[in-house]
Each structure stands twice: as C-alpha cells, then as structure tokens.
Amino acid sequence: CPVGEFIEKLYPELWDMPLPPEFSFVLYRKARWTDIMSTAYCPRYVGMLFSEAARNLISRLHLPPHRWLETEVIYARDRRKYFILNYGDAPVINYPESLLRDEIAEISLTFQSYNEWVEHAKAQVAPPLIRFTRLVLDVPIDLLKIPFTATPIVSEGLKNAVEASGLVGFEFEPVRMEIVGSS
C-alpha cells in the first residue's frame with residue numbers, strides 16, 4: 001500500500017479505520033538487526049518498531065493506549081517478523097503541578113492543560129521552545145510521549161528490564177527534568 005495511506009492509519013484518532021494490507025520495511029545495506037528500529041517513518045511519533053522478543057518484554061509493562069501491528073522487515077534475503085507499537089498520548093500528565101520553561105524567553109511557565117499550552121504556543125510570534133523542568137504524572141507509566149518531542153521517555157523499570165534481557169538496539173539517556181508522581 002502507499003506509505004502515506006499506511007502512516008495515516010497510525011494516528012490514534014483514526015484507529016477505528018481498517019488497516020491497509022500488509023506492509024513491509026526494507027533495511028539499508030549498512031543496517032544490522034536490532035530489537036528496536038528507527039521510527040522516523042512515523043510522523044507525530046506514534047509508533048516504534050520492535051522485534052518479537054522486545055514486544056513480549058514491553059507488553060508486560062505500563063503502556064499508554066496502544067495497539068500492536070504485525071509487519072515484516074526485510075534485509076537481503078532474510079525476512080523477520082516485527083511489530084509496530086502504535087501508541088498515542090497517555091492522559092497522565094498533571095499540567096497544573098508540572099513546571100515548564102520557555103528556553104527562548106528564559107521564563108518559567110505553568111499550564112492548566114495541554115490545550116492551554118498549545119494556545120500559548122500559537123499566540124507567540126516565533127515558535128516557542130518550551131520544555132518540562134518538572135513533570136508530574138497522575139499514574140505510573142513506563143513509556144510516555146511528551147508533547148512536541150520526538151524521543152519517548154521511559155521509566156527506570158523499562159530501562160532495567162531491557163538491559164537485563166539482553167535486547168539490542170536500545171539507547172537510554174538521562175532526562176533533564178524531575179519526574180514525580182502527583183501529590
């Protein structure tokens with residue numbers, strides 16, 4: 001199926017639409033097999049590509065609303081089953097208790113909701129660069145997509161489980177914000 005048609009079906013607001021027929025991914029010549037692969041094909045960061053072993057491990061953790069889509073990855077003559085973890089925003093961020101910083105104006109900000117953040121951004125002359133400095137979560141979650149960022153945030157539990165499992169291809173970096181549960 002056309003790539004655009006496939007990607008469009010990944011948006012959570014369109015999950016009720018039928019999926020396109022089988023879809024495969026082909027690795028570049030210099031690529032190598034890993035348990036997680038680039039999600040550059042997914043605009044708005046709504047999916048990640050996992051091996052079956054990685055899917056089995058990740059499925060046991062606290063995930064946002066999601067679905068698994070089976071696909072195939074091809075490299076030379078080798079074909080392997082992979083799964084797209086297709087996920088959306090988790091309604092777990094407590095915006096009133098979280099703190100953000102406008103990196104351009106160098107000021108701290110608070111918002112009552114995600115929509116208030118979006119309205120603030122739209123009212124700016126230039127696109128603001130707003131980052132969480134303190135992220136408050138209403139419920140525990142192991143994988144979180146933060147608005148306007150490409151890299152998902154994972155819990156220490158997810159990181160430890162992946163490292164103990166021997167899965168390959170994952171990279172973890174410490175976050176530059178405080179993450180706490182709601183008070």
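Residues take their numbers from the sequence shown, with the count starting at 1.
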Tabulate below the donor-acceptor pairs under 3.5 Å that side-chain atoms of residues 119-134 make, not counting sequence neighbours, or state none.
| residue | atom | partner | partner atom | Å |
| --- | --- | --- | --- | --- |
| Gln124 | NE2 | His120 | O | 3.0 |
| Thr133 | OG1 | Leu99 | O | 3.3 |
| Arg134 | NE | Glu178 | OE1 | 3.3 |
| Arg134 | NH1 | Glu97 | O | 3.2 |

Calculate, to the nearest 0.5 Å, the distance between atoms OG1 and CZ belonging to Thr71 and Phe50 respectively.
14.0 Å
Sorted by chain and number, sequence neighbours left out, side-chain hydrogen bond (donor to acceptor under 3.5 Å, both in side chains) with Lys159 holds for Glu163
Let me confirm one number: the CG-CG distance from Asp138 to Asn94, rounded to the nearest 0.5 Å.
4.5 Å
Checking Phe83 now: which residues fulfil ring-ring contact (aromatic ring centres under 6.0 Å, His included) with it, not counting sequence neighbours?
none
Using the salt bridge (Lys or Arg N to Asp or Glu O under 4.0 Å) rule, collect all pairs that involve residues 25-35, keeping only residues at least two apart or in two chains.
none
Find out whether Tyr75 and Val73 are in side-chain contact, i.e. whether some heavy atom of one side chain is under 4.5 Å from a heavy atom of the other.
no
Got a sec, which residues hit side-chain hydrogen bond (donor to acceptor under 3.5 Å, both in side chains) with Arg79, two or more places apart in sequence or on another chain?
Glu72
Mind checking what makes side-chain hydrogen bond (donor to acceptor under 3.5 Å, both in side chains) contact with Glu70, not counting sequence neighbours?
none
State, yes or no, whether a side-chain contact exists between Leu137 and Ile179 at a heavy-atom distance under 4.5 Å.
yes
Rounded to the nearest 0.5 Å, the CG atom of Asn56 sits from the OG atom of Ser51 at a distance of 8.0 Å
Minimal heavy-atom distance between Ser98 and Val136, with the atoms involved, is OG-N, 2.9 Å
Out of curiosity, Leu85 CG to Trp68 CH2, how far, rounded to the nearest 0.5 Å?
4.0 Å
Salt bridge (Lys or Arg N to Asp or Glu O under 4.0 Å) partners of Glu116, counting only residues at least two apart
none
Are Leu144 and Leu135 side-chain neighbours, meaning at least one heavy-atom pair lies under 4.5 Å?
yes
Parallel, tilted or perpendicular: rings of Phe172 and Phe170 (30°, 60°):
parallel
Is there a path from Ile104 to Met177 through hydrophobic residues (I, L, V, M, F, W, Y) whose side chains come within less than 4.5 Å of each other?
no
Under the side chain to side chain donor-acceptor pair (under 3.5 Å) rule, what pairs show up with a residue in residues 106-115, not counting sequence neighbours?
none
Could I get the full list of side-chain hydrogen bond (donor to acceptor under 3.5 Å, both in side chains) partners for Ser155, not counting sequence neighbours?
Asp142
Nearest 0.5 Å, what's the CD1-CG distance between Ile58 and Leu63?
7.0 Å
Other ILVMFWY residues reachable from Val168 by side-chain steps of under 4.5 Å
none
CH2 (Trp33) and CG (Leu27) are apart, to the nearest 0.5 Å, by 5.0 Å
Sorted by chain and residue number, the ring-ring contact (aromatic ring centres under 6.0 Å, His included) partners of His62 (sequence neighbours excluded) come out as none
Who are the side chain to side chain contact (heavy atoms under 4.5 Å, CB included) partners of Pro64, not counting sequence neighbours?
Tyr87, Ala90, Ile141, Leu143
